Enquirer: 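Let me give you the structure first, and then I'll get to my questions.
Hydrogens, waters and symmetry mates play no part in the numbers below; they use all other heavy atoms, side chains included. Source: prediction; values computed, not measured.
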Amino acid sequence: MFCIALLSGVITSFSPVRVQAHSAPSGTVPFVLDGNRVYAQVEFISAEGKPRNALVFVDLGSPSMILSKDLYTELNIGSNKTLGLRMGKMMIAIDSADVATDAWLPFSIGEDRKVEALLPAGVLQKYQVRFDYSARTLTLAQPATLRLQGTAVPFRLNAKTGLIAIEAKIDGQVYPITIDNGSGYSWIREATAQQWLPQHPDWQRGIGAVGPSNMRMADDGIETAGVLVRIPVMKIGPLSVESTGALAISPDNHGHDFMDWYSMKNAVPVIGWLGGNVLRHFKITIDYPHKMSYWQRQSVLDPHDLDYIGLTLIFKHGEYFVGGIAARDGRPSVVGAQVGDKVVQIGTLQTRGASREAIFAAMHGKGGETRPVILERDGGRVLLQARVTAF
């Protein structure tokens with residue numbers, strides 16, 4: 001679930017896709033990992049048979065196929081036509097009635113790559129899907145095609161949206177939680193986290209989203225009030241996952257409960273999702289037809305993945321602003337910044353138009369290191385030596 005993809009709020013049922021006669025049973029394409037999210041290179045085929053390469057955001061937390069307005073127009077998608085999609089040697093066809101357009105596309109990621117479409121769970125759920133994070137490849141396959149390896153973890157599927165929920169055991173209790181590679185970081189309900197913190201106060205690492213946990217950068221209070229937690233051990237089936245970072249969130253400034261809305265897209269109410277900060281350490285195969293996932297560990301989770309300058313950012317019109325000052329042990333982690341300041345420069349990075357991945361990289365470091373940060377306030381500029389905090 002990507003932050004801007006959520007703005008559409010569209011939940012649809014997908015018509016069955018048709019496989020072209022010349023299509024291979026599986027196809028593999030490379031992907032870019034940016035901000036812990038997957039962006040794959042695919043080829044669209046217009047109704048006239050013309051190929052068009054495009055970078056697509058692959059999001060298991062979104063139900064609907066979305067294209068940029070320009071791409072939608074270029075492919076000449078009409079209500080009585082199908083949209084062809086080729087991944088490697090595999091071709092599928094999607095009913096054009098199930099394809100929407102939205103103004104938040106296109107957008108740019110690192111190295112000025114343009115993302116023009118969203119490939120959602122609603123399309124992928126007919127197939128087997130494999131994310132090989134180490135190799136940076138995405139494989140799509142017809143049912144019963146891939147060799148299934150790894151720790152088997154069953155899931156529940158909402159057939160209307162394609163979202164899947166597994167069971168995770170935390171502090172002796174089993175909770176339903178979504179696999180959401182479209183989210184750069186794991187988020188959970190604060191009400192759930194508050195069940196653990198009285199017995200494990202050391203699990204709380206701070207207040208206010210930092211680094212990749214600050215993935216939405218929205219001005220609604222969710223991230224500025226979020227509680228940073230570090231879960232020592234989480235069990236996913238028989239698999240143990242150590243040192244899982246998460247942002248525990250409560251309703252926004254208007255009382256809207258984001259997790260209630262998110263649960264509506266799932267087969268069961270969930271406590272949140274496992275995002276890219278967890279998933280990137282595994283090769284994960286999702287066998288949608290048999291409602292089973294397979295996990296192969298490729299690396300260990302990073303216990304320092306929240307060591308950042310403690311500014312919770314808001315993104316507006318290509319620029320970044322201070323939305324809040326994250327606190328550690330009850331004290332502000334950055335001195336001299338104010339809510340509403342425009343962030344002009346972090347280290348050597350000019351922030352205007354910079355990708356979120358570049359912003360996060362500039363703010364990351366070892367606890368105690370400092371970075372020069374230039375802010376704009378009331379028409380003037382303020383220079384800070386901002387300290388990296390080990391959240």
Enquirer: Would you kindly check if the NZ (Lys) or CZ (Arg) of Arg113 is within the cone defined by 45 degrees around the ring axis of Tyr39 and under 6.0 Å from the six-membered ring centre?
Expert: no

Enquirer: Show the nearest heavy-atom pair for residues Ser333 and Phe391, with the distance to one decimal.
Expert: OG-CZ, 3.7 Å

Enquirer: Is there a path of hydrophobic side-chain contacts, each under 4.5 Å between heavy atoms, that joins Val123 and Tyr72?
Expert: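 Looking at the clustering, Tyr72 is in the same group as Val123.
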
Enquirer: Once you round to the nearest 0.5 Å, how far does CG of Leu55 lie from CD of Gln41?
Expert: 5.5 Å

Enquirer: Check whether more than 12 heavy atoms from other residues, nucleotides or ligands sit under 6.0 Å from atom CG of Asp378, and answer yes or no.
Expert: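 Counting other residues, nucleotides and ligands, CG of Asp378 stays at 12 neighbours or fewer.
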
Enquirer: Hey, can you tell me if Tyr262 and Phe258 have their rings parallel, tilted or perpendicular (30° and 60° cut-offs)?
Expert: parallel

Enquirer: Name all residues meeting the ring-ring contact (aromatic ring centres under 6.0 Å, His included) criterion together with Phe282; count only those two or more places apart in sequence or in a different chain, and write none if there are none.
Expert: Trp295

Enquirer: How far apart are the C-alpha atoms of Ser108 and Lys114, what are their side-chain angles, what is the distance that settles it, and do they pass the side-chain hydrogen bond (donor to acceptor under 3.5 Å, both in side chains) test?
Expert: CA-CA 5 Å; Ser108 295; Lys114 185 166 71 170; over 6 Å; no

Enquirer: Side-chain contact test, heavy atoms from C-beta onward, threshold under 4.5 Å: evaluate it for Arg297 versus Thr151 and give yes or no.
Expert: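 The answer is no, as the side chains (C-beta and beyond) never meet within the 4.5 Å cut-off.
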
Enquirer: What heavy-atom pair brings Gly340 and Phe321 nearest, and what distance separates the two atoms?
Expert: O-CD2, 3.8 Å

Enquirer: Is there side-chain contact between Ile164 and Ser293, with heavy atoms separated by less than 4.5 Å?
Expert: no

Enquirer: Count the heavy atoms of every other residue, nucleotide or ligand shown that sit under 6.0 Å from NE2 of His200, and state whether that count exceeds 12.
Expert: yes

Enquirer: A side-chain contact here means heavy atoms from C-beta on lying under 4.5 Å apart; do Ser68 and Phe107 qualify?
Expert: no

Enquirer: Would Phe131 end up clustered with Leu146 when hydrophobic side chains under 4.5 Å apart are linked, directly or stepwise?
Expert: no

Enquirer: For the residue pair Val388 and Thr370, establish whether any side-chain heavy-atom pair is separated by less than 4.5 Å.
Expert: no

Enquirer: Do NZ/NE/NH1/NH2 and the carboxylate oxygens of Glu167 and Lys169 come within less than 4.0 Å?
Expert: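 No salt bridge links Glu167 with Lys169.
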
Enquirer: Is Ile314 linked to Leu311 within one hydrophobic cluster, defined over Ile, Leu, Val, Met, Phe, Trp and Tyr using a side-chain heavy-atom separation of less than 4.5 Å?
Expert: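 As far as the 4.5 Å side-chain criterion goes, Leu311 and Ile314 are not connected within one cluster.
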
Enquirer: Would you say Arg136's side chain and Tyr133's backbone share a donor-acceptor pair under 3.5 angstrom?
Expert: yes

Enquirer: Are the side chain of Trp196 and the backbone N or O of Pro201 linked by a donor-acceptor pair below 3.5 Å?
Expert: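 Side chain of Trp196 to backbone of Pro201, a donor-acceptor pair under 3.5 Å: no, none is there.
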
Enquirer: Side chains of Asp305 and Tyr185, heavy atoms from C-beta outward: is any pair under 4.5 Å?
Expert: yes

Enquirer: Does Asn158 reach the main-chain N or O of Lys160 with its side chain, forming a donor-acceptor pair under 3.5 Å?
Expert: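 Between the backbone of Lys160 and the side chain of Asn158 there is a qualifying donor-acceptor contact (under 3.5 Å).
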
Enquirer: Distance from Thr178 atom OG1 to Ile188 atom CD1, nearest 0.5 Å?
Expert: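 The CD1 atom of Ile188 is 13.0 Å from OG1 of Thr178, to the nearest 0.5 Å.
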
Enquirer: Output the distance between atom NZ (Lys89) and atom CG (Leu140), rounded to the nearest 0.5 Å.
Expert: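 Here the interatomic distance stands at 15.0 Å.
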
Enquirer: Check whether any side-chain N or O of Thr101 sits under 3.5 Å from a backbone N or O of Lys69 as a donor-acceptor pair, and report yes or no.
Expert: yes

Enquirer: Determine, stepwise, if the pair Phe57 / Leu105 fulfils side chain to side chain contact (heavy atoms under 4.5 Å, CB included).
Expert: CA-CA 10 Å; Phe57 171 46; Leu105 285 164; over 6 Å; no

Enquirer: Give the intermediate values and the outcome of side chain to side chain contact (heavy atoms under 4.5 Å, CB included) for residues Lys50 and Glu74.
Expert: CA-CA 10 Å; Lys50 298 179 180 178; Glu74 181 181 342; over 6 Å; no

Enquirer: When clusters are formed from ILVMFWY side-chain contacts under 4.5 Å, directly or step by step, what else is grouped with Val300?
Expert: none

Enquirer: With no hydrogens and no angle check, is any side-chain donor or acceptor of Lys265 less than 3.5 Å from a backbone partner on Thr161?
Expert: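 No, Lys265 side chain to Thr161 backbone: no donor-acceptor pair under 3.5 Å.
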
Enquirer: Hydrophobic clusters here meaning ILVMFWY residues chained together by side-chain heavy-atom distances under 4.5 Å, can you tell me if Leu85 and Leu71 are in one?
Expert: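 Linked, Leu85 and Leu71 end up in one cluster.
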
Enquirer: Tell me yes or no: between the side chains of Gln199 and Asp171, is some donor less than 3.5 Å from an acceptor?
Expert: no

Enquirer: Any heavy-atom pair between the side chains of Asn76 and Ser46 that's under 4.5 Å?
Expert: no

Enquirer: Is there side-chain contact between Met234 and Leu274, with heavy atoms separated by less than 4.5 Å?
Expert: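 In short, these two side chains touch, coming nearer than 4.5 Å.
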
Enquirer: Kindly list each side-chain donor-acceptor pair under 3.5 angstrom involving residues 357-365, sequence neighbours excluded, with atom names and distances?
Expert:
{"unit_1": "Glu357", "atom_1": "OE1", "unit_2": "Gly35", "atom_2": "N", "d": "2.5"}
{"unit_1": "His364", "atom_1": "ND1", "unit_2": "Asp307", "atom_2": "O", "d": "2.7"}

Enquirer: Within the distance-only criterion (no hydrogens, no angle test), does the side chain of Arg216 pair as donor or acceptor with the backbone N or O of Glu223 below 3.5 angstrom?
Expert: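 No; judged by distance alone, with no hydrogens or angles, the pair does not exist.
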
Enquirer: To the nearest 0.5 Å, what is the distance between CG on Asn253 and OG1 on Thr224?
Expert: 6.5 Å

Enquirer: How is the hydrophobic cluster of Leu383 composed, in terms of its other members, when Ile, Leu, Val, Met, Phe, Trp and Tyr link through side-chain heavy atoms under 4.5 Å apart, directly or indirectly?
Expert: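 Other cluster members: Val344, Ile374.
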
Enquirer: Taking the side chain from Glu242 and the backbone from Leu301, do they hold a donor-acceptor pair closer than 3.5 Å?
Expert: no

Enquirer: If you take all heavy atoms of Ala121 and Tyr288, which pair is closest and at what distance?
Expert: CB-OH, 4.3 Å

Enquirer: Using a 3.5 Å distance criterion without hydrogens, assess whether the side chain of Asn277 forms a donor-acceptor pair with backbone atoms of Gly245.
Expert: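 Such a contact is found between Asn277 side chain and Gly245 backbone.
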
Enquirer: Report yes if some heavy atom in the side chain of Gln385 is under 4.5 Å from a heavy atom in the side chain of Pro372; otherwise report no.
Expert: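 Gln385 vs Pro372: side chains touch.
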
Enquirer: Write out all pairs satisfying side chain to side chain donor-acceptor pair (under 3.5 Å) with one or both partners inside residues 318-327, taking only residues at least two apart or from two chains.
Expert: Glu319-Lys342, Glu319-Arg352

Enquirer: How far apart are the closest heavy atoms of Val343 and Val373, and which atoms are they?
Expert: CG1-CG1, 4.5 Å

Enquirer: If you look at every heavy atom in Pro176 and Pro269, which pair is closest and at what distance?
Expert: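 Looks like CG-O, 3.1 Å.
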
Enquirer: Sequence neighbours left out, what pairs pass salt bridge (Lys or Arg N to Asp or Glu O under 4.0 Å) with at least one residue falling in residues 244-263?
Expert: Arg189-Asp257, Arg189-Asp260

Enquirer: Any side-chain to backbone donor/acceptor pair from Glu116 onto Ala54? Under 3.5 Å, distance only.
Expert: no

Enquirer: First locate atom CZ of Arg356, then atom CE of Met215, and finally report the distance between them rounded to the nearest 0.5 Å.
Expert: 10.0 Å

Enquirer: Show your working on side chain to side chain contact (heavy atoms under 4.5 Å, CB included) between Arg156 and Lys291 and close with a plain yes or no.
Expert: CA-CA 7 Å; Arg156 283 175 279 192; Lys291 297 182 176 61; over 6 Å; no

Enquirer: Which heavy-atom pair separates Met65 from Leu67 by the least distance, and what is that distance?
Expert: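 Smallest heavy-atom distance, with atoms named: CE-CD2, 4.0 Å.
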
Enquirer: Considering the options Thr139, Thr137, Thr285, which one meets the side-chain hydrogen bond (donor to acceptor under 3.5 Å, both in side chains) requirement together with Arg130?
Expert: Thr285

Enquirer: Kindly compute the distance separating CZ (Arg377) from CG (Asp341), expressed to the nearest 0.5 Å.
Expert: 4.0 Å

Enquirer: Is it the case that one hydrophobic cluster holds both Val233 and Tyr175, taking links as side-chain heavy atoms less than 4.5 Å apart, direct or via other members?
Expert: no

Enquirer: For the side chain of Ser263 and the backbone of Val270, is there at least one donor-acceptor N/O pair under 3.5 Å apart?
Expert: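 Side chain of Ser263 to backbone of Val270, a donor-acceptor pair under 3.5 Å: yes, one is there.
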
Enquirer: Sort out for me which residue in Val153, Ile286, Leu148 forms a side chain to side chain contact (heavy atoms under 4.5 Å, CB included) with Tyr294.
Expert: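 So, applying the side chain to side chain contact (heavy atoms under 4.5 Å, CB included) to Tyr294 and each of Val153, Ile286, Leu148, only Leu148 qualifies.
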
Enquirer: Give the intermediate values and the outcome of side chain to side chain contact (heavy atoms under 4.5 Å, CB included) for residues Met87 and Leu119.
Expert: CA-CA 11 Å; Met87 293 183 59; Leu119 179 59; 4.2 Å; yes

